[in-house]
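Note sheet for the following structure.
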Amino acid sequence: AFSNARFECIDPMTYESEERHDVLVLSEVLEHLQQPLETLNHLHSLLRPGALLVLTVPNGYGPWEAMNCGKKLLGTVGLGGPLLAFQRLFGFGKATLQSRNPHLDHVQFFTQRALRELVERAGFEARAVRNLSFVAAVFPFSWAFRRAPGIEAADSAIASFVPRWLASGWLLELLAR
């Protein structure tokens, strides 16, 4: 159906192309970057005017981040080990459902407003913003969701009804101006 589409997993800061693209996807990356504006500026330079950047990012103050903050707090008072031991009983290590990389610390914690200002500074206009998830990645829900395929779809549907500030993550369709 998409004869001219290419799907590649690449470093967004080192990717170069002589052609301008119609669509780029940046999923769960910005929160890990010290300089997210530089990455968005670079991606903007790779897109045609009117092209689309599909962006997913966690709510920096949503349920998933609250769980991580709680885990860090428990670690600072000496309860990180027992918590990890408890999670291991359910098959969890330091990695997540999305990645087996144990080094997934976030350095950016976006609010809707801060994210909107960031993408606008990079020359993008939000065409659509929607909640991506609610509690699917939050332990112990994540444990249950691993065992019941299809519940993630239900979680995503529930997320569409909760206020933006309560979602765990967002999906943005951004137009390059």
Least distance between heavy atoms, [X] atom then [Y] atom:
{"X": "P12", "Y": "V29", "value": "CG-CG1, 4.4 Å"}
{"X": "S133", "Y": "A159", "value": "C-CB, 3.4 Å"}
{"X": "A167", "Y": "V162", "value": "N-CG2, 4.2 Å"}
{"X": "N131", "Y": "P163", "value": "ND2-O, 3.8 Å"}
{"X": "H44", "Y": "G123", "value": "NE2-O, 3.0 Å"}
{"X": "L132", "Y": "E28", "value": "CD2-OE2, 4.2 Å"}

Closer than 3.5 angstrom, by distance alone: can the side chain of [X] be matched with the main-chain N or O of [Y] as a donor-acceptor pair?
{"X": "H42", "Y": "Y15", "result": "yes"}
{"X": "N59", "Y": "W165", "result": "yes"}
{"X": "W170", "Y": "R164", "result": "yes"}
{"X": "T56", "Y": "L171", "result": "no"}
{"X": "R48", "Y": "R20", "result": "yes"}

Stepwise side chain to side chain contact (heavy atoms under 4.5 Å, CB included) test for L115 and L172: CA-CA 10 Å; L115 187 58; L172 295 83; 3.8 Å; yes
When clusters are formed by joining ILVMFWY residues with side-chain heavy atoms under 4.5 Å apart, either directly or through shared neighbours, do [X] and [Y] land in the same one?
{"X": "L175", "Y": "L53", "answer": "no"}
{"X": "L118", "Y": "F124", "answer": "yes"}
{"X": "L30", "Y": "L47", "answer": "yes"}
{"X": "V25", "Y": "L33", "answer": "no"}

Within this structure, what is the CG-CZ distance for the pair L37 and R121, rounded to the nearest 0.5 Å? 4.5 Å
What is the distance from atom OG of S45 to atom CG of L40, rounded to the nearest 0.5 Å? 11.0 Å
Intermediate values then yes/no, side chain to side chain contact (heavy atoms under 4.5 Å, CB included), Q108 and Q35: CA-CA 9 Å; Q108 301 292 333; Q35 303 293 329; over 6 Å; no
Name all residues meeting the side chain to side chain contact (heavy atoms under 4.5 Å, CB included) criterion together with E120; count only those two or more places apart in sequence or in a different chain, and write none if there are none. R116, R177
In terms of ring plane angle, is the pair Y61 and F109 parallel, tilted or perpendicular, where the classes change at 30° and 60°? tilted
Got a sec, which residues hit salt bridge (Lys or Arg N to Asp or Glu O under 4.0 Å) with E8, two or more places apart in sequence or on another chain? R6
Would you call L24 and V54 a side-chain contact if the rule is heavy atoms closer than 4.5 Å? no
Hey, is E117 close enough to R113 for a salt bridge, meaning N to O under 4.0 Å? yes
Besides M13, the hydrophobic cluster formed by Ile, Leu, Val, Met, Phe, Trp and Tyr side chains linked at under 4.5 Å, directly or via other members, contains none
